[in-house]
There are 2 protein chains.
Amino acid sequence: MNNYSNDKMNFADENELYDLAELFKVFGDSTRIRILSALYGRECCVQDIADGLKMTPSAVSHQLKILKQSKLVGNRREGKQIFYFLADDHVRSIIAIGLEHLRE
Amino acid sequence: MNNYSNDKMNFADENELYDLAELFKVFGDSTRIRILSALYGRECCVQDIADGLKMTPSAVSHQLKILKQSKLVGNRREGKQIFYFLADDHVRSIIAIGLEHLRE
DNA sequence: TTATCATTTGAATAATTGTTCATATGTTGA
DNA sequence: TCAACATATGAACAATTATTCAAATGATAA
């Protein structure tokens with residue numbers, strides 16, 4: 001795992017801190033975290049996620065839209081289905097470090 | 001069809017994911033992120049933070065309590081003042097990676 | 001085209017939450 | 001002891017937001 005412990009904040013200004021809070025707000029919902037968790041190892045279509053989390057496709061779609069806007073997930077169409085996947089390793093790192101914190 | 005419920009993503013169970021969302025919820029507020037930012041390089045007492053962020057000590061104290069409960073900050077008393085500081089490098093890492101994500 | 005499946009969208013409701021204000025607690029020095 | 005300062009707490013209000021429901025869009029095959 002990457003070690004960011006010596007990184008500086010590199011002069012984050014007020015606007016950037018605001019955006020940062022908005023980013024974590026996206027992680028800060030149990031439904032969205034469960035969706036990200038479902039996508040951690042593999043891509044899934046909306047119905048997969050809805051089935052797995054026992055939610056309506058509509059509710060899942062609403063949250064996927066938010067995750068996409070924050071660039072935490074990407075998607076690709078395959079016929080009628082749209083598959084979603086984690087956007088990059090930042091997402092995995094943030095989740096992994098969060099879990100480390102909880103498990104201490 | 002796709003069923004991920006019994007194999008992947010068992011790195012965290014439902015309860016842990018709920019706690020994880022609660023953790024990120026703490027990061028997901030601009031006031032608290034600004035407080036963490038203020039504490040990134042040095043410890044501060046409540047009044048320092050209130051002055052720096054142009055907030056009332058009461059509002060700062062409310063948020064510091066939440067940060068403390070999530071173990072994102074620690075504190076120590078020095079006379080009348082109570083100094084707060086970032087609890088550990090997980091906090092710095094999460095902030096640093098979040099900023100990286102924004103800056104991409 | 002039409003039917004059907006998969007997903008998205010918009011509006012409304014319900015629940016959560018950050019700030020303010022007033023008050024309380026805790027610490028120090030006179 | 002008291003007074004002054006620093007911080008914490010509780011209640012109430014205002015703003016935000018996740019889910020539901022109904023309807024719309026997009027894609028495929030007959």
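Just so it is clear: chains get the letters A, B, ... in the order the sequence lines come, proteins before strands, and each one is counted from 1.
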**Message:** Starting the side chain at C-beta, find the nucleotide from C/dT8, D/dA18, C/dC21 nearest to A/Asp29.
**Reply:** D/dA18

**Request:** Apply side-chain contact (heavy atoms from CB on, under 4.5 Å) to B/Phe24 and A/Ile94, showing your working.
**Result:** CA-CA 10 Å; B/Phe24 287 126; A/Ile94 288 173; 3.4 Å; yes

**Item:** Closest non-hydrogen atom pair between B/Val73 and B/Tyr84, with its separation
**Value:** CG2-CD2, 3.8 Å

**Prompt:** So what does A/Lys68 touch, heavy atoms closer than 4.0 Å: a base, only the sugar-phosphate, or nothing?
**Reply:** nothing

**Nearest to side-chain heavy atoms of A/Lys80, which nucleotide of D/dA27, D/dT9, C/dT7** = D/dA27

**Asked** Which is it for A/Glu43 and A/Arg76 under the salt bridge (charged side-chain N to carboxylate O under 4.0 Å, His left out) test, yes or no, and what are the steps along the way?
**Response** CA-CA 10 Å; A/Glu43 61 180 15; A/Arg76 66 180 180 84; 2.3 Å; yes

**Request:** Side chain of A/Ile82 only, please: which of C/dT7, C/dG18, D/dA18 is the nearest?
**Result:** C/dT7

**Prompt:** How would you label the contact of B/Ser58 with the nucleic acid (heavy atoms, under 4.0 Å): base, sugar-phosphate, or nothing?
**Reply:** base

**Distance in angstrom units between A/Arg76 CZ and D/dG26 C1', rounded** = 17 Å

**Prompt:** For B/Gln69 and C/dG18, what is the distance between atoms CD and P respectively, to the nearest whole Å?
**Reply:** 12 Å

**Request:** State whether B/Gln81 places a side-chain N or O below 4.0 Å from either non-bridging phosphate oxygen (OP1 or OP2) of C/dG26.
**Result:** no

**Request:** Round to the nearest Å and state the distance from B/Leu67 atom CG to D/dA8 atom P.
**Result:** 12 Å

**Integer-rounded Å distance: C/dT4 C1' and A/Gln47 CD** = 14 Å

**Message:** Please report the distance, rounded to the nearest Å, between CD in A/Glu22 and P in D/dT17.
**Reply:** 7 Å

**Item:** Centroid distance under 5.5 Å and plane angle under 30°, B/His62 vs C/dT19
**Value:** no

**Asked** With a 3.5 Å cut-off and just heavy-atom distances, do the side chain of B/Thr56 and the base of C/dC21 make a donor-acceptor pair?
**Response** no

**Request:** Using whole Å, report how far CZ of B/Phe83 lies from C1' of D/dA8.
**Result:** 17 Å

**Asked** Passes side-chain contact (heavy atoms from CB on, under 4.5 Å), B/Asp88 versus B/Lys71? Steps please.
**Response** CA-CA 9 Å; B/Asp88 58 43; B/Lys71 300 191 199 314; over 6 Å; no

**Request:** Would you tell me if any nitrogen or oxygen in the side chain of A/Gln63 comes within less than 4.0 Å of OP1 or OP2 on D/dT19?
**Result:** yes

**Asked** Just by distance, do the side chain of A/Asp89 and the backbone of A/Arg92 share a donor-acceptor pair under 3.5 Å?
**Response** no

**Asked** To the nearest angstrom, how far is B/Lys25 atom NZ from D/dT17 atom P?
**Response** 12 Å

**Prompt:** If you pin A/Arg32 and B/Val46 to their nearest nucleotides in DNA chain D, which one's is more 5'?
**Reply:** B/Val46

**Prompt:** Does a nitrogen or oxygen in the side chain of B/Arg77 sit under 4.0 Å from OP1 or OP2 of C/dG26?
**Reply:** no

**Message:** Nearest whole Å is fine: how far is C/dT17 C1' from B/Lys65 NZ?
**Reply:** 15 Å

**Fill in**
Of the listed C/dG18, D/dT7, D/dA8, the closest approach to the B/Tyr84 side chain comes from D/dA8

